[in-house]
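Below is one structure, written out as structure tokens; the observations come after it.
Just so you know, ligand 1 is whichever comes first in the structure, and atom 1 is the first atom listed for that ligand.
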Amino acid sequence: MDSRYWQEELETMPRKNLEALQLEKLKASVTRALKSPFYKEHFGSQGLSADSLQSVDDIQKFPFTCKDDLRDNWPFGLMSASVDDCVRMHCTSGTTGNPAAVLYNRHDLDSWANLVARSMWSTGARPNDIFQNMSGYGLFTGGLGFQNGAEKLGMLTIPAAAGNSKRQIYLMQAFGTTVAHSVPSYLGRLFAVFQEMGLDPHKDTKLKRFFIGAEPHSEETRLRIQEMFGVKAYNSFGMTEMNGPGVAFECEYQTGMHVWEDCYLIEIIDPDTLQRVPDGEWGEMVLTTLDREAMPIIRYRTHDLTRIIPGECACARTHKRFDRIKGRTDDMFIVKGCNIFPIQIERVLMNFPEIGTDYLIELTNEQGDDMTVKAELKPDLFTDNYPELESLKRKIAGILRDTILVTPKIQLVPHGSLPKTEGKAKRVLDLRKQ
Ligand code: ADP
Ligand code: ZN
């Protein structure tokens, strides 16, 4: 069997050896980073260098790097290599403001593709699979990132890109797609188009695996996707600042995402005190690149909230796993003094079989603090003639009240009527006036 991307020696390395490898690579990354104008100032002014590191934990002496540091030093301020040496750039989708750019040299692209290939392999994907990438191409890393990884693994790769569901289905059937990648919020819509065409993905496709990621989603959403398509859906975590996809991925056991610790150093901090929290406790993820040449990034505050899952994984990989992202610190909104994450609302909605996969949370404050949860009904249920509508709304509002301690207004709308985006879903519409 071809096992090029089961990198056993690295993936199952005893923790002690893994930490020694991390220390060596961390020192090299800090030394490289110090070649950039930004880090020269950021670390150099405090006298910090690779010599400040006796152990991996000494990274705590170093200051954090924030998204604003990337934006303020846009586009080349964090570069440790010359632009001549680089062969690609990507930038963030700007979900939360101006974009941040990342540049890659050949080594970086190769290392990234290797991580994506390794990630996909860990779920069971093999060179004889047919891979369809339903992610936006272009500046978004989910396109070329998965493309290069899948090619490296050796799968026939269909760069279908986002949207155009009928064509996606046509390609899936024509080429016998077995593995596909997409943002989770698109898959409910894709399934509805299967239904409109009188097709059943279980019988009419060869799909076996989905990679879903790039946006927060609940376990309930994963289960729905698995049921709709008859596949196993694996959580894929990545971010542009850390290359893109392939930072962390669920293995075949689907018990949290292994972060590839030979290439990334993970820390979880309390976002208020900025101190590390022990494994098992929730906090903000901070990541450091260990294998990037053109643009190393040290102690990057991701704003993503998660926790390290203690214990070992059944797959024998020793790289730590982190839990499903609860949201970003900046996703959280406050209504009537209660802190709420969209994913808490999603989990409640997805437990109602009548509700489809799309929803929108609207916040207004013209008549006091108001929150409306708009949710699409399944295609065969219509708001006008569905008699149990009122009692369904009451049930949803009741469970939401118990979960988030606020009783929102519930609006159930026909399937397909909420606004759609091609990339990541927008779940909160904040119309509040200051
Ligand atoms: P932007 O920050 O503009 O959205 P990116 O496309 O680089 O640009 O997005 C990275 C972010 O996407 C992560 O910081 C995280 O918030 C989110 N994300 C990526 N993968 C996942 C995942 N599997 N689960 C939850 N959120 C994810
Ligand atoms: Zn595992």
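Under 4.0 Å is where a charged nitrogen must lie from a carboxylate oxygen, and between D279 and K320 at least one such pair does. Using a cutoff of 4.0 Å between basic side-chain nitrogens and carboxylate oxygens, R301 and D68 are not scored as salt-bridged. We find that R276 and D270 are not joined by a salt bridge, their nearest charged nitrogen and carboxylate oxygen being 4.0 Å or further apart.
Aromatic pair F333/F341: ring centres not closer than 6.0 Å. Checked against the 6.0 Å centroid criterion, the rings of H258 and F322 do not qualify as a close aromatic pair. For F229 and F210, the gap between ring centers is short of 6.0 Å. The aromatic ring centroids of W112 and H107 lie 6.0 Å or more from each other.
Residue-level proximity to ligand 1 for M242 is absent, since no heavy atom of it falls below 4.0 angstrom. Only backbone heavy atoms of S236 (N, CA, C or O) come within less than 4.0 Å of ligand 1; its side chain stays farther off. Neither the backbone nor the side chain of R324 has any atom closer than 4.0 Å to an atom of ligand 1 (non-hydrogen atoms only). Only the side chain of I325 comes within 4.0 Å of ligand 1, judged by heavy-atom distances. Only the side chain of D304 comes within 4.0 Å of ligand 1, judged by heavy-atom distances.
Geometrically, R299 engages F64 in a cation-pi contact, judged by NZ or CZ lying under 6.0 Å from the ring centre and within 45° of the ring axis. The cationic group of R209 does not satisfy the cation-pi geometry with Y234, failing either the under 6.0 Å distance to the six-membered ring centre or the 45° limit from the ring axis.
Rounding to 10 degrees gives 110° for the angle at the Zn ion (ligand 2) between SG of C313 and SG of C251.
Applying the 4.0 Å criterion to heavy atoms of E215 picks out, from ligand 1, the atoms 18 (N), 21 (C), 22 (C), 24 (N), 25 (C), 26 (N), 27 (C). Ligand 1 places these atoms under 4.0 Å from at least one heavy atom of K67: 2 (O). Close approach to R328 involves these atoms of ligand 1, each under 4.0 Å from a residue heavy atom: 1 (P), 2 (O), 4 (O), 11 (C), 16 (O). Distances below 4.0 Å separate heavy atoms of G213 from the following atoms of ligand 1: 23 (N). For ligand 1 and T240, the ligand atoms under 4.0 Å from any heavy atom of the residue are 5 (P), 6 (O), 7 (O). Ligand-side atoms of ligand 1 in range of P216: 25 (C), 26 (N), range being under 4.0 angstrom from any heavy atom.
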Item to complete: Report the C-alpha distance between E250 and T255 in whole Å, list the side-chain angles of each, state the deciding distance to 0.1 Å, and finish with yes or no for side-chain contact (heavy atoms from CB on, under 4.5 Å).
Response: CA-CA 7 Å; E250 276 183 338; T255 50; over 6 Å; no
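When distances from the Zn ion (ligand 2) to the N, O or S atoms of H258 are compared, NE2 comes out shortest.
With sequence neighbours excluded, no residue forms a salt bridge (Lys or Arg N to Asp or Glu O under 4.0 Å) with K206.
The shortest N/O to N/O separation between N235 and ligand 1 falls below 3.5 Å. Considering backbone and side-chain N/O atoms, A214 comes within less than 3.5 Å of an N/O atom of ligand 1.
Under a 4.0 Å heavy-atom criterion, H303 is not in contact with ligand 1.
When the heavy atoms of E250, M239, K424, H217 are ranked by distance to atom 12 (O) of ligand 1, first place goes to K424.
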